[in-house]
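Working notes for the structure below.
The structure displayed is predicted, hence computed values, not measured ones. Numbers here are sequence positions counted from 1. All ligand and atom numbering here is 1-based and tracks the order in the structure.
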Amino acid sequence: MLEISGLTVDYSGVIALDQVSLNADTGKVSTLIGANGAGKSSLLKAISGLVRPAGGSIRFDGETVLDQSPDALVRRGICHVPEGRGLFPYMSVMDNLLSGAHLRRDAAGIRQDLDKVFHYFPVLKQHRHRIARNFSGGQQQMIAIGRGIMQRPRFYLFDEPSIGLAPLVTREVIGAITAIARQDRCGVLLVEQNANLALDAAEDAYVIELGRISLSGSAAELKNDERVRRAYLGL
Ligand SMILES: Nc1ncnc2c1ncn2[C@@H]1O[C@H](COP(=O)(O)OP(=O)(O)OP(=O)(O)O)[C@@H](O)[C@H]1O
Ligand SMILES: [Mg+2]
């Protein structure tokens with residue numbers, strides 16, 4: 001579904017991605033793990049059209065999407081749930097969620113997807129009229145994911161959704177992400193620094209170091225890889 005080949009991102013001399021190749025399919029979670037500054041967010045921004053790569057190719061459903069605007073990519077079905085969430089802090093949960101559906105006109109579908117968000121995250125339904133800034137970090141992450149669901153995308157990019165969350169909330173958030181892939185049959189690229197969590201949730205995995213993919217394979221393989229165990233799992 002998503003095929004990336006030889007992708008290079010250069011911020012005026014800072015090479016954030018160097019010839020990165022990666023594939024992600026529908027119906028499962030693919031994860032990209034890496035340390036601070038490894039280039040994870042740069043990859044997601046390149047896919048969603050927020051940074052322009054210096055070289056390489058990105059194909060979605062077999063078609064090149066390299067030169068499209070972020071809006072056009074949303075219309076094609078790519079949803080980016082960014083690092084830091086990017087909510088409207090003084091708007092209600094409901095209005096934040098509905099902002100994800102602003103390109104849609106299918107009222108019945110929008111209602112259906114709202115039900116889906118509240119099914120995944122019941123706490124949001126209960127407090128849907130409260131403003132977003134009054135929620136905990138974990139709940140704000142739920143709002144950000146919910147807003148993504150309201151786009152009804154076919155492919156999700158999640159940038160470190162677990163960062164700063166308590167273990168119980170993390171489980172809920174990751175549970176929704178795996179359900180989006182496996183039950184809704186969407187594609188998911190999950191970027192994480194928390195390798196333990198990501199390798200447990202994903203089917204396929206990539207390790208990125210200083211802008212280069214250093215390892216790839218099934219998540220189970222990488223979990224048992226000596227280098228991954230030492231550098232990322234603290235074993
Ligand atoms: N707008 C920018 N201008 C210049 N350099 C940048 C810019 N954005 C990122 N970089 C650099 O590119 C490299 C990769 O950054 P990126 O944000 O993609 O890493 P990351 O893996 O997402 O890190 P983190 O885990 O801290 O979020 C880093 O060296 C970073 O300093
Ligand atoms: Mg990042």
Side-chain angles (χ1 to χ4, degrees), residues 2-24 29-58 65-70 73 78-87 137-138 140-145 147-148 155-167 169-170 173-174 177 187-202 204-217 219 222-223 225 227-234:
L2 179 73
E3 300 159 273
I4 296 174
S5 175
L7 196 72
T8 297
V9 166
D10 177 344
Y11 297 109
S12 335
V14 178
I15 307 293
L17 294 180
D18 186 7
Q19 301 274 337
V20 165
S21 298
L22 171 156
N23 289 331
V29 177
S30 304
T31 190
L32 175 72
I33 58 177
N36 267 321
K40 304 180 298 298
S41 298
S42 297
L43 180 68
L44 298 193
K45 287 179 190 162
I47 298 167
S48 62
L50 298 171
V51 303
R52 183 171 286 265
S57 74
I58 304 177
V65 292
L66 202 56
D67 294 320
Q68 298 195 0
S69 68
L73 292 164
I78 297 177
C79 163
H80 186 171
V81 181
E83 207 174 359
R85 307 172 196 123
L87 300 178
Q140 290 192 20
Q141 188 63 55
M142 294 172 190
I143 302 171
I145 294 172
R147 183 185 51 191
F155 200 96
Y156 290 79
L157 308 166
F158 292 108
D159 199 342
E160 301 203 39
S162 82
I163 200 156
L165 306 193
V169 188
T170 301
V173 163
I174 295 293
I177 289 174
V188 166
L189 179 57
L190 169 66
V191 156
E192 269 293 342
Q193 267 188 61
N194 185 340
N196 247 317
L197 180 82
L199 293 176
D200 279 342
D204 298 335
Y206 294 82
V207 178
I208 186 167
E209 289 174 16
L210 298 173
R212 292 186 186 185
I213 301 292
S214 56
L215 283 169
S216 64
L222 259 61
K223 243 191 127 154
D225 185 288
R227 291 160 290 181
V228 173
R229 287 164 62 84
R230 234 179 298 122
Y232 296 97
L233 301 175

- Task: Please lay out, stage by stage, how R85 and Q141 fare under the test side chain to side chain donor-acceptor pair (under 3.5 Å).
- Result: CA-CA 6 Å; R85 307 172 196 123; Q141 188 63 55; 3.2 Å; yes
- Message: Determine whether a donor-acceptor pair (N or O, by modelled atom type, separation under 3.5 Å) exists between the side chain of R147 and the backbone of G86.
- Response: yes
Give me the pairs of N or O atoms, one from ligand 1 and one from the protein, that sit under 3.5 Å apart.
residue, atom, partner, partner atom, Å
ligand 1, 18 (O), S42, N, 2.9
ligand 1, 18 (O), S42, OG, 2.6
ligand 1, 19 (O), G39, N, 3.2
ligand 1, 21 (O), A38, N, 3.2
ligand 1, 21 (O), G39, N, 3.0
ligand 1, 21 (O), K40, N, 2.8
ligand 1, 21 (O), K40, NZ, 2.8
ligand 1, 22 (O), S41, N, 2.9
ligand 1, 22 (O), S41, OG, 2.8
ligand 1, 23 (O), G37, N, 2.7
ligand 1, 25 (O), K40, NZ, 2.7
ligand 1, 25 (O), E160, OE2, 2.9
ligand 1, 25 (O), Q193, NE2, 2.9
ligand 1, 26 (O), N36, OD1, 2.8
ligand 1, 27 (O), E83, OE2, 2.6

- Query: In Å and rounded to the nearest 0.5 Å, what is the OH to CG distance from Y206 to L189?
  - Reply: 9.0 Å
- Assess S41: does it contribute an N, O or S atom lying under 2.8 Å from the Mg ion (ligand 2)? yes
- Can a donor-acceptor pair be found between the side chains of T31 and E192 at a distance below 3.5 Å? no
- Could you check if a side-chain atom of L7 sits within less than 4.5 angstrom of a side-chain atom of L22, using non-hydrogen atoms only? no
- Query: Are E83 and K40 close enough that some pair of their side-chain heavy atoms sits under 4.5 Å apart?
  - Reply: no
